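Only one structure is covered here, and it is reproduced in the block below.
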Amino acid sequence: MSDLYLVFKNLTRAKLRLFLTLFATFIAFMVYALLTAFQSFLNSGVDLAADDRLVVLNKINFTQPLPIAYVNRVRALENVIDVVHLNWFGGYYQDPQKMVVTMAVDPESFLRVFNEYVMPETEKAAWVKNRQGLIVGKKAAELYGWQVGDRIPLNSNIFSQTDGRTDWDFDIVSIYTGEDEQTDTTSLYFHYDYFNETQSFGRGMIGWMGVRTDDPGNNEKVISSIDSLFQNTQYETESMPEAVFNKAFIEQIGNIGLIISSVVLAAFFIILVIVGNSMVLAIRERTREIGVMKTLGFRSPRIFRMVLAESLLIALIGGLLGLAAARGIIYMLSQSSTPIPTLIIDQSIVLKAVGIMIVMGLVTGIIPAINALRLNIITSFSRT
Amino acid sequence: MSSLLSQMWTVIMMNLRSLPQRLWMSLAAVFAVSVVVAVLLSFLAMANGFEETLKGTGSENIAIASRVGSQSELNSTISRDNVNLLLGAPGIAKDANGDAIASAELYVIVDGIKRSSQTEVNIPMRGISPTGIELRENVEIVEGRMFESGRNEIIVGQGVTKEFQGFELGKRTRFGKSEWEVVGVFSTGGTAFESELWADAPTVQSQFNRGSTFQTMRIRLAKPGNVQPLIDFAAAEPRLQVDIETESDYFSSQGKALQGIVTLGWGLSIVMALGALAGALNTMYTSVAARSTEIATLRTLGFSSLSAFAGTLAESVVLSVIGGVVGSIAAYLLLDGVTASTLGGSFSQVVFNFRLSPELFKQGILLALLIGLVGGFFPAFRAARMPVLLAFRNAS
């Protein structure tokens, strides 16, 4: 009779209790996996930011504009490979409550600076040629049912055309995908020239610039040369690496990381207490049995290991089922046409989860295991 | 009937008095429920505090005019001509001189540093006039003085000084080529305006290249809530491209921005409540097993199975409700009144306080009660149906 067989028998003797403790563990790890995947999505803007890309903003705030003349002045700087300018359009499609991230850009330099967006070369060329051309991210296209070749109107909640209309017509020339699974594909990009010539106010101004440097090592140098170039002008700039900007942007919403880790911690605390308690109970019920085993010649360390194995198994089985369920939920969400971001439970989340399972298993098993280790044969029979 | 009730009462009290014998198991159930309730209440308190702040900001006496379709103050623009046209509209309250009481305002965003994260955040800066300040209720300068018109001076809301760096009294700060000085701190009784910087409207216009345009207009209504005359006037005047609504409607809809947090909070809490339910069931099944001799003895003495049922169910409910109360108190002590800020509808920070309310406590206790009832029902059923002989045999 192997030890594992004994452990298994012990586990399954109180089936209801086993089910309940497994279920509590299952829930905690499911919550953990889902929330951590969400957090990793939030951080993806930081993780996927290109090292050699800077953003140049108006120093007052990024909602304040910059003159378009700045683009060529930055482009002329040393160590700068390329510059693109972007304008926030404040776009929405039909429903004013549902914002669609829409930006007016210079297509040629956009494709050079933001090379993580994948689309066929022919479509790139078509976009550059078509002044009313619009490229649409895959997720956005799925959400609104758009196809290449569609002509759609987009409204702006900021700008209006010279004739007072707030909608612009576009030809969808490409549906782009991302280089990475987590690359954002919910955004739309169109020609700045089309926007600039038709809008009724604020012409010749841009929102911000994306700058590609020749080497991330030169970032600091480029940042200081850009910002000092425009110092003491009406439009001072503030430049920073893309990752820094993306991080600050997420932080504006609040300390989401703190919220997520508190909830995860709370979930683990609950199972720690529940599982720990039922382990103590399970071993106490077996006091007499352990006395018998010891009498039969089972060594104490062996019994110690068997108890720990039992709690470890509970944590691992419940936890792995929880991870699997989280994957299932994410898959179902991705199949539905809700604007929910692409969540990914990657290897690092799984590895961390398994680590936590092992710690949980050891922590919940250690007290009963020590009790069993120390158990004196005589007292084990006197206790009922 | 009365004997049945007294039987049940006896058993319930017996169960509760014997709780200390099952101390750790019972504490585990209490603890699990209290954590779940605390998690639920923290999400609800966040959304509730945010909504209360914005709801409290809007007034029924004031109408907001903004450009058609702009949806937020930030996106709106209103020309000087439109402002003058609107001043002639019906339904506006008049001052002693017979002039319409209204304030054309600007709303720009500047950078501040959030204290907790040390990152740059969007702070709203409002270009405002003395009339505009009078339109808001409860405005009070708590430190320093009011800004002077024509000068680059700012007064800051109390929420801003609490949450963000860079706008302390006396501090000079540069926006573009111009330098501004913080000359005062104001309070508005906890409304969203306390998250703003205020400065002289014409000065903001000139320093931020706004020419003669404004962004929104606030109008005191002749009759509270009655915006219809203004809406009709705007509809009949083709030169006016404005949406008009009461300020309280404007802020109520912005207050809904955190409704997603409520859904998320409930979703997470219900999932975690399932985990706590597993704990409660475990505890109660163990309790029934531990008391099997007792239950059998009572049954032999003639106590009904219903009393065994009631005893177990009551024990579970009491444990869960204690958990719910502990969780609520913990949430109250830790979170009520905690200041936080998030991005509001106008793409700028809104400072608010976590706020628990009796309604939220009720929801928390309700969740606890539900866990207790479900977690007690099945074990109670087992206790009620336990065959007397078997119970004695198991216990031996």
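Each chain gets a letter, A, B and so on, in the order the sequences are listed, and its residues count up from 1. Everything numeric here is computed off the predicted structure, so don't read it as measured data.
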Are the side chain of N277(A) and the backbone of W24(B) linked by a donor-acceptor contact shorter than 3.5 Å? yes

The interface call for V31(A) against chain B, heavy-atom contacts under 4.5 Å, is side chain

Turns out that what part of A32(B) lies under 4.5 Å from chain A's heavy atoms comes down to both

Turns out that what part of M205(A) lies under 4.5 Å from chain B's heavy atoms comes down to neither

- [ ] Report yes or no: does Q71(B) contribute a side-chain atom to a donor-acceptor pair with the main-chain N or O of P96(A) at less than 3.5 Å?
- [x] yes

From the list E285(A), E238(A), K247(A), M30(A), the residue making the most non-hydrogen contacts under 4.5 Å with chain B is E238(A)

Bottom line for S262(A): the part with an atom under 4.5 Å from chain B's heavy atoms is neither

- prompt: With no hydrogens and no angle check, is any side-chain donor or acceptor of Q234(A) less than 3.5 Å from a backbone partner on K177(B)?
  reply: no

Whatever's closer than 4.5 Å to a heavy atom in chain B on F159(A) counts as backbone

Task: side chain to side chain contact (heavy atoms under 4.5 Å, CB included) between F19(A) and L281(B), worked out - done: CA-CA 11 Å; F19(A) 171 75; L281(B) 283 167; over 6 Å; no

Bottom line for L16(A): the part with an atom under 4.5 Å from chain B's heavy atoms is side chain

Under 4.5 Å to a heavy atom of chain B? For Y235(A) that would be side chain

CD1 of I60(A) to CE of M125(B), rounded to nearest 0.5 Å, is 8.5 Å

Counting N and O atoms only, with roles assigned by atom type, does the side chain of T342(B) sit under 3.5 Å from a partner on the main chain of I253(A), one being a donor and the other an acceptor? yes

>> Keeping Q64(A) on the side-chain end and I109(B) on the backbone end, is there a donor-acceptor pair under 3.5 Å?
In response: yes

Answer key: most heavy-atom pairs under 4.5 Å with chain B among I274(A), L34(A), T21(A) is I274(A)

Cut-off 4.5 Å, heavy atoms of chain A, and the answer for R210(B) is side chain

Applying a strict 4.5 Å limit to non-hydrogen atoms, the region of L281(A) in contact with chain B is side chain

Okay, A28(A) and chain B: the region with an atom under 4.5 Å from a heavy atom over there is neither

d(S341(B) OG, N255(A) CG) to nearest 0.5 Å is 10.5 Å

Side-chain contact, heavy-atom cut-off 4.5 Å: E120(B) with L57(A)? no

Whatever's closer than 4.5 Å to a heavy atom in chain B on N232(A) counts as both

Q. Mind checking whether F62(A) and F347(B) have parallel, tilted or perpendicular rings, split at 30° and 60°?
A. perpendicular

F23(A) and L277(B): side chain to side chain contact (heavy atoms under 4.5 Å, CB included), yes or no, with the steps?
CA-CA 10 Å; F23(A) 186 73; L277(B) 182 65; over 6 Å; no

